[in-house]
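Reminder, nothing fancy here: chain letters follow the sequence lines and each chain counts from 1.
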Amino acid sequence: MQKTGMAVTGDEIAATGDMPTYQIRAPPTALPQGVVVAASPGSLHSPQQLAEEATRKRELRLMKNREAAKECRRRKKEYVKCLESRVAVLEVQNKKLIEELETLKDICSPKTD
DNA sequence: CAATCTGATCGTCATTTAAT
DNA sequence: ATTAAATGACGATCAGATTG
């Protein structure tokens, strides 16, 4: 079964304490609507450009992490399958050993007459 | 048949681990 | 020390099963 769920959790609620810039929770989109600030002469980056760059970076990070999570889950599933098949093998092996033990016991047990 | 339960899957955040 | 990738945990969403 394939799911198409989109989990849209609160995306900017957690208190933004001190954290590295590459992890800023929500892009600084706090510019007064409609107000256009001219780029300072000589500067390559107006505040808008910086904001856009921030959102761009954030979206890229989310996308990468999304893919990383998928891959991580895939690997984990495979790992669990591996363990399960190992369990199956060991169970068979254990059963055989128990049987062998029983026959050896029979052979070695003193005769009861 | 609608309401509820259940298990699977997903995206995101926070944290840990690995790479530089 | 900084940055990127991997992973655990959480809540949201869906599909199918169960129940009254």
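Between the side chain of Gln49(A) and the backbone N or O of Ser46(A) there is at least one donor-acceptor pair closer than 3.5 Å.
The interatomic distance linking Met63(A) (CE) with dG11(B) (P) rounds to 12 Å, in whole Å. Atom P of nucleotide dC10(B) and atom CD of Glu67(A) are separated by 11 Å, given to the nearest angstrom. Whole-Å rounding puts the Arg61(A) CZ to dA5(C) P distance at 12 Å. dT12(B) atom P lies 5 Å from atom CG of Leu62(A), rounded to whole Å. Between the CD atom of Glu59(A) and the C1' atom of dT12(B) there is a distance of 14 Å, given to the nearest Å. Atom NZ in Lys57(A) sits roughly 12 Å away from atom C1' in dA4(C) (whole-Å rounding). To the nearest angstrom, C1' of dT3(C) lies 14 Å from CG of Leu60(A). Per the geometry, CZ belonging to Arg58(A) stands 11 Å off C1' belonging to dG11(B), to the nearest Å.
Checked for salt-bridge contact, Lys64(A) and Glu67(A) miss the test: no charged N lies under 4.0 Å from a carboxylate O. Ion pairing between Glu78(A) and Lys81(A) fails under the 4.0 Å rule for side-chain N and carboxylate O.
Side-chain atoms of Arg73(A) come within donor-acceptor range of the base of dG11(B), with a qualifying N/O pair under 3.5 Å.
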Just list the side-chain donor-acceptor pairs under 3.5 Å for residues 85-105 of chain A, sequence neighbours left out, or say none.
unit_1	atom_1	unit_2	atom_2	d
Ser85(A)	OG	Cys82(A)	O	3.0
Thr103(A)	OG1	Glu100(A)	O	2.8

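One finds no side-chain N or O of Lys64(A) lying less than 4.0 angstrom from the OP1 or OP2 phosphate oxygen of dA4(C).
Taking every heavy atom of residues 74-82 of chain A and every atom of DNA chain C, pairs under 4.0 Å involve Arg75(A), Lys76(A), by number.
Not a single salt bridge (charged side-chain N to carboxylate O under 4.0 Å, His left out) links Glu84(A) to another residue, sequence neighbours left out.
With values rounded to the nearest 0.5 angstrom, Thr55(A) atom OG1 is found 10.5 Å from Leu50(A) atom CG.
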